[in-house]
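Heads up, the thing below is written out as structure tokens.
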Amino acid sequence: MTIDRIAAKVRAGERLTGDEALELYRRAPTSFLGRLADAVRTRKHPDAVVTYIIDRNVNYTNVCVARCNFCAFYRPVGSPEGYVLGFDELFRKIDETIAVGGVQLLLQGGHNPDLPLTWYEDLFHTIKERYPTFKLHALSPPEIIHLSRLSQLPVAEVLERLIAAGLDSVPGGGAEILVDRVRKLLHCHGKATADEWLDVMRHAHHAGLRTTATMMYGTVETDQERLEHLLRLRELQDETGGFTAFITWSYQPQHTELGGSEATGVDYLRTLALARVVLDNFDNLQASWVTQGGKVGQLSLAYGANDMGSVMIEENVVRAAGASYCMDEVEIVRNIEDAGFIARRRNMHYDILGDPIFRQRNVPRMRELATARADGDSSVPEELRFYPARSRAGKTSRA
Ligand code: SF4
């Protein structure tokens, strides 16, 4: 089929087959692909509103047994640079988030064998007691699988217990590319196969949770495998309708074992546009300004994105791999409005919460992203001694 015929199908709101989408991705000029994605975004969001959320991306531990070769964030068990955040540190972070108008914590971390399921349950319970309306968007599918293996409980039961403790929604991290050939090469097949990742999301959706979906591209995958990833997400969304949004970002190579170079801005915009055209059953696509920078992030709004993601207060994972872009609410809103859109705050469900908060009251400006822990701070939280450690290093430190 010619590019024009495929484009006509997209404009008519018809679903593309894998072959048609691949043809479009390989052969359509970038601006053409952008215009198509923009037409789909406009059809789904005719009111010219671009949303964002104020939340805090907190990584509660960097200790991880998974050892993905694209990750610069993790530290092995027993490393002097390994950390676990204490409950009090997390409460302080929540207080700071609320002070700038934040509504939720995006809580993710390494697969730490010395944090049992009860640690998460106690943390979630305590947060909900102290901050009843504050939301917990927490634990990506591989973390839930890790907890299932650690506790020897089925995924559905782990999810049930976490929901009872206060889990509100599940972030779509750890998807990378949902093709097992790629996952084996990235050493992330052990933490979750493509089917296992999708199955956690299926369980979460059936349990009534909404989740996001992600894709990290630009490592070892082919363009066909990028597309396969999107098709697998589209299929699960047809089945459950549980995904609120899709977010894609490029692999950040600095300080990683895998190395290599980063995908270009054009590659990002083409991939985002492809996602908008293929994921016809997803309402929301986020711009990944954290990896692409504010300027490409703003351009994303012409390539299918209708959301600027999160006002980042803290970032640890992408920063460890070399990217450290920072935009507070004022900057995000400036980028949205300069691109000709109306900026609105939202929650994880994409309900509109209101106009920019800095126009309603004074909020502190953030010129720099916070980190989980200050450099050199190796303090061990007091409450950890109440939880059994699994690793030898953990047992020794808690003896
Ligand atoms: S990407 Fe996540 S699971 Fe993989 S090594 Fe890094 S922290 Fe661990």
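Note that this is a predicted model, so its numbers are computed, not measured. Residue indices begin at 1 and follow the sequence shown.
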Closest non-hydrogen atom pair between V84 and P381, with its separation: O-CG, 3.2 Å
Carboxylate-amine/guanidinium contact E196 R149, below 4.0 Å: yes
Say whether T118 and E121, considering side chains only, have a donor N or O and an acceptor N or O under 3.5 Å apart. no
Which heavy atom of L231 sits nearest a heavy atom of G18, and at what distance? CD1-CA, 3.9 Å
Of all the heavy-atom pairs spanning I98 and R361, show the shortest one and how long it is. O-NH2, 4.1 Å
CG/L162 to CG/D168 distance, rounded to the nearest 0.5 angstrom? 11.5 Å
Where do R43 and R11 come nearest, in terms of heavy atoms and distance? NH1-O, 3.2 Å
Side chain to side chain contact (heavy atoms under 4.5 Å, CB included) with E176: which of K191, M215, H229? K191
Between R210 and M348, is there a side-chain heavy-atom distance shorter than 4.5 Å? yes
Let me check something: do V49 and M308 share a hydrophobic cluster, defined by ILVMFWY side-chain heavy atoms less than 4.5 Å apart, either directly or through other members? no
Is there side-chain contact between S310 and I54, with at least one heavy-atom pair below 4.5 Å? no
Name the residue from L272, N335, L269 that meets the side chain to side chain contact (heavy atoms under 4.5 Å, CB included) definition with L299. L269
Would you please name every residue forming a side chain to side chain donor-acceptor pair (under 3.5 Å) with T97, sequence neighbours left out? none
Is it the case that the ring center of Y303 lies less than 6.0 angstrom away from the ring center of Y268? no
Is any side-chain heavy atom of L117 closer than 4.5 Å to a side-chain heavy atom of L150? no
Does some side-chain heavy atom of S250 sit less than 4.5 Å from a side-chain heavy atom of D267? no
Aromatic centroids of W119 and Y60 separated by under 6.0 Å: yes
Measure the spacing between CG of L123 and CG of L90 and express it to the nearest 0.5 Å. 5.5 Å
For the residue pair K44 and N306, establish whether any side-chain heavy-atom pair is separated by less than 4.5 Å. no
How long is the gap from OG1 on T244 to CG on L209, to the nearest 0.5 Å? 11.5 Å
Side-chain contact test, heavy atoms from C-beta onward, threshold under 4.5 Å: evaluate it for F243 versus T211 and give yes or no. yes
Can a cation-pi geometry be assigned to R226 and Y25, taking NZ or CZ under 6.0 Å from the six-membered ring centre and within 45° of the ring axis? no
With a 4.0 Å cut-off, would you call E228 and R181 a salt bridge? no
Report, as yes or no, whether the 6.0 Å neighbourhood of atom CG on D95 holds more than 12 heavy atoms from other residues, nucleotides or ligands. yes
Only one of D55, D355, D307, D351 forms a salt bridge (charged side-chain N to carboxylate O under 4.0 Å, His left out) with R346, so which one is it? D307
Under 4.5 Å between side-chain heavy atoms, hopping through other hydrophobics if needed: is there a path connecting L106 to L136? no
Presence of salt bridge, D47 and R344, under 4.0 angstrom: no
Are R35 and D38 within salt-bridge range, i.e. N to O under 4.0 Å? no
Classify the angle between the aromatic ring planes of Y120 and F124 as parallel (below 30°), tilted (30 to 60°) or perpendicular (above 60°). perpendicular
May I ask you to say whether R334 pairs ionically with E331, meaning some side-chain N is under 4.0 Å from a carboxylate O? yes
Contact check, side chains of Y350 and D283, non-hydrogen atoms, under 4.5 Å: no
Linking I/L/V/M/F/W/Y whenever any side-chain heavy atoms sit under 4.5 Å apart, do L105 and I53 land together? no
Shortest non-hydrogen contact from V158 to S151? CG2-OG, 3.9 Å
side-chain hydrogen bond (donor to acceptor under 3.5 Å, both in side chains), that's the test. Do T126 and E129 meet it? Break it down for me. CA-CA 5 Å; T126 321; E129 262 165 37; 5.6 Å; no
D199 and V155, any side-chain heavy atoms less than 4.5 Å apart: no
Shortest non-hydrogen contact from L233 toward T214: CD1-O, 4.4 Å
Applying salt bridge (charged side-chain N to carboxylate O under 4.0 Å, His left out), run through R15 and D238 and close with a yes or a no. CA-CA 12 Å; R15 176 165 280 193; D238 276 343; 2.7 Å; yes
Is it the case that one hydrophobic cluster holds both L185 and Y74, taking links as side-chain heavy atoms less than 4.5 Å apart, direct or via other members? no
Between D195 and R183, is there a salt bridge with N-O shorter than 4.0 Å? no
ILVMFWY cluster, F87 and F134 together (side-chain gap under 4.5 Å): yes
